[in-house]
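To find a chain, count down the sequence lines: A is the first, B the second, and so on, and within it residues start at 1. Computed from a predicted structure; not experimentally measured.
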Amino acid sequence: MTSTWKPLNSPAADDYIQRLTAGGVLLPDTPINLLEVVGILKSYGVVLGAYAENLCFIADDQFLELFPFFKYFNGKFSWPKLLRHWWHDRINFEYAEYCMRTMMWHGGGGLDAYLNTPAFAQLAEQAIQAKLKHNPLMQGLHRLFPDFLPEQIRQSAYYSTLGQFWHVMNEIFISLSDRYDGGEVTSIPQVVKHILSGLVAAASQPITYTVRIGGKDYEILPAAAGLTFLADAAVPYVEAVFFRGTPFLGVVSYNAQAQQISPDQANFAYGALYADPLPVGSAGIPPTLLMQDMRHFLPEYLHDFYRQGKRGEDDLRVRICQSFQKSMFCVTNAAVVGLAPYPLNTTEPQQQAANQKYLQAWVGRMLTSQLPTVQE
Amino acid sequence: MLSLLIWMPVLGAVLLTVWPSKLSAVRLRQIAFIIMAVVLGWTAVVGYAFTSSDASLQLREELPWLEGLGLSYRLSVDGLSFPLLVLNSLLTWLALHATEAKIQRPRLYYALILLLNAAVSGAFVAENLLLFFLFYELELIPLYLLISIWGGPRRGYAATKFLIYTAVSGVLLLGAFLGITWLGGMASFDYQPLLTQTIPVVQQCWLLGALLIGFGIKIPLVPFHTWLPDAHVEAGTPVSMLLAGVLLKLGTYGLIRYGMVLLPQGWETLAPWLATWAVITTLYGALMAIAQTDMKRMVAFSSIAHMGYILLACAAATPLSLLGAIFQMVSHGLISALLFALVGVVYQKTGTRNIEVLRGLLNPERGLPIIGSMMVLGVMASAGIPGMVGFISEFLVFRGSFPIFPLQTLLSIIGTGLTAVYFLLLVNRVFFGRLSPQVTDLPPVTWGDRFPGLILTGLIVLFGLQPAWMLNWSQATTTVLAAPLIRQPLITQATPVISPSSPL
């Protein structure tokens, strides 16, 4: 969030804030929005499950492997899998790593703080010594460059944290889809409520990370560090991936020398909520990778809905991206409601003022995102 | 054999018009498409019978008609006309495919397209000046109707302007043909006997002046060009493809066949002025193209600029430059037809051709990526990028013309640079960047929409990589055509880099 706050003077912002305080939602509650959001969260859930599994595999089994050639194979290498990988008929795990690196780059939360403590340095050094026990070359290198391997372990910690976070989100989204299929979820407010309940239920779930080296466990993120799901994984993730993002991998070219990119990372607005669903044809756009992955797991009702569009299958990824952004506004909506300092329906004037300030900060940032677009 | 190229489409047109039962527009298009496929196939048969090493007029057909008037039905083909015949058949076939399936008044439309094809073929194979003139004039009628009935909002203005300009062109041609025959002391308008005429140089210059203005309107050369951009803008896509691809070539063909060959001394006298005129046409066309905001107008002015190269090559009249002129006619026919076909698809899908409105059409999901890719290739070919026909034709033109008119050639080369400027502006504005808000919800493009473009793109690359397959048709003819005009080059060289007989 931005460090300085000033009151917003925008009718659109007032409208969103009124909606939220009245128990409403950011995304208009329409049958089509519901179909898109639930359908896309189903496929996103499946993809997140795969991402989470791979991130945890890399954190646990590729620990301090400097050349992890087959890290995307989850330890199950085969030639047909390699050929399929080269053919790109696969899940783009690169997107998961992109999100992990974005989180690591922007930092925030208790994880970022803990990774710079002496306690972490000590635990990391123990793991390094255990890993390099029979590798004099690496030991020499570690002495020469003592910051290199701890930084690799910090990255592994982010791999593991994001993997654990997405594992929870995968369950929330799949259960949402099941409830929708069973007729329990029939509106966007119910979608937001479902996500909020999931986040609240998992809020205090501890985030820990332990690696096994030579038959012995080494803690990297111990339970004693007090890292929890909501404050140390969910909030930094939303901030880094939904809001800030990274300008160099976006769909628009920026000229850093011309000061088109803010020198303050807190002012970045290149995240998923701001992404332009229309790619310009340049290469290697991570959001596009996610859309590619999700198109493999679209529920049939959503796929049919896309097919009925003017371009049919041609612009599937654009439409997936648009639906995805709608769904992410529901997730953000749930996070905003869940993190509010006081219940949003409070009648206490002081609490209302605090909520108003809190909501203005969030909504102010979303005014330039795709939020106005999804209102149409 | 050649008669079938004229009469098959005529019979097809009659068939479409008098077919007793009610036929849908789609069915009529299919029938017209099949008829033109047969004509195209017959063109291939003519190609099989055509001997490329023989420079003389071949496959001759002769029927007495109005002998008293000097008009006879004489047809023949040589290395100058055969590539243009192929171009005519191919582009008409593709133009039919580029026609909207549900066009209004389809019987008349398809009949007129077939008649246009027949008239143009007739003009290319006519071996009698009056017969050429008849076909030349006959072609005006279907073209006028195609623009005035199926054209854009200002079709009446554009069609009338076209008719007036081309009618003046016809009058001048007829006057020049009469002059050549009478002053040459001939009783007939037959082509072959006129090759032996000995008209004094001054009179040749006057006659050539009439021919130059007459054909200059058709080509068109600056300042007789103003009808062309209007006609292109108002004409539908298939008509624009034919107009730029084939019909303009009637002018350049006539200039070589009846101006340069029949009046060689006059040609030689006026050649420096013609080369300068070519430079003016090229640079004016290119500069005007830069200023356009309508894609079609830009391609139209590009056509004018590229016609300047042909005039330059004709003015130089070396075997190599004439080979370049013929290759440039075909090359420009393929490239301009491609560009107009693609602009047509852009207009059909987006509803606009305005360069200031369109953006990002290369978008892989919501834009026209394959159409855009072909457009990029087309403009590269037009700008003379190696590997495509544009490079071969322009290189031949410049290489062949440089020894005779070095300054004019160098100035014309600037036109090539300007081509890159305006087409890069076009591609950069229309196809790169983010899709403009007005065009984010375009209808899908079918493979049928892409078909004409794909065929033309394939040929542009194929003949760009293997130009000898086409040059072989014309090499012997250009050597003979240039023979009366072989002059001392201003710039000499010790060893010829390319000789007319060497394969390219």
Side-chain angles (χ1 to χ4, degrees), chain A residues 32 36 40 88 92 247 249-255 260 269-270 274-296 298 303 305-325 368-370 372-376, chain B residues 100-102 342 345-352 355-380 423-451 453-454 457:
Chain A
I32 288 180
E36 286 188 69
I40 209 69
H88 282 264
N92 293 293
L249 285 169
V251 291
V252 180
S253 294
Y254 295 97
N255 185 342
Q260 286 175 351
Y270 309 112
Y274 299 83
D276 186 346
L278 287 173
V280 291
S282 50
I285 304 158
T288 310
L289 296 182
L290 174 62
M291 306 317 146
Q292 277 176 7
D293 289 345
M294 285 197 284
R295 84 180 278 178
H296 293 300
L298 291 176
H303 205 163
F305 170 71
Y306 289 148
R307 281 196 201 103
Q308 288 160 20
K310 214 182 225 181
R311 296 295 289 249
E313 296 267 352
D314 285 359
D315 65 343
L316 207 51
R317 285 178 298 177
V318 173
R319 304 202 66 195
I320 289 173
C321 187
Q322 288 169 334
S323 301
F324 177 69
Q325 284 180 328
T368 53
S369 72
Q370 297 289 332
T373 314
V374 299
Q375 303 299 315
E376 290 160 6
Chain B
E100 268 182 75
K102 290 177 183 171
L342 298 177
V345 177
V346 169
Y347 184 61
Q348 186 198 353
K349 303 297 173 190
T350 66
T352 181
I355 291 169
E356 290 173 344
V357 171
L358 296 168
R359 286 280 181 288
L361 288 183
L362 266 176
N363 187 293
E365 307 270 344
R366 285 274 174 93
L368 315 170
I370 297 178
I371 296 294
S373 304
M374 288 193 284
M375 181 65 101
V376 171
L377 188 134
V379 301
M380 283 165 67
F423 274 146
L424 279 178
L425 282 173
L426 171 81
V427 167
N428 195 34
R429 286 177 184 172
V430 175
F431 291 97
F432 289 106
R434 189 195 184 276
L435 268 177
S436 44
Q438 297 92 326
V439 293
T440 50
D441 197 22
L442 302 178
V445 180
T446 63
W447 283 105
D449 295 328
R450 296 171 185 138
F451 176 76
L454 288 171
T457 303

Can you name the side chain to side chain donor-acceptor pair (under 3.5 Å) partners of T373(A), sequence neighbours left out?
Q370(A)
Hey, are the side chains of L278(A) and E365(B) touching, using non-hydrogen atoms and a 4.5 Å cut-off?
no
Could you list which of residues 366-374 of chain B have a heavy atom closer than 4.5 Å to any heavy atom of chain A, in residue-number order?
R366(B), G367(B)
Enclosure of I32(A) CD1 (heavy-atom neighbours >12, cutoff 6.0 Å)
no
Does R295(A) have any salt bridge (charged side-chain N to carboxylate O under 4.0 Å, His left out) partners at least two apart in sequence or in another chain, and if so, which?
E313(A)
Which heavy atom of K310(A) sits nearest a heavy atom of P444(B), and at what distance?
O-CD, 3.1 Å
Not counting sequence neighbours, which residues clear ring-ring contact (aromatic ring centres under 6.0 Å, His included) with F324(A)? List them please.
Y44(A)
For the atom pair CG (D315(A)) and OG1 (T440(B)), what is the distance rounded to the nearest 0.5 Å?
10.5 Å
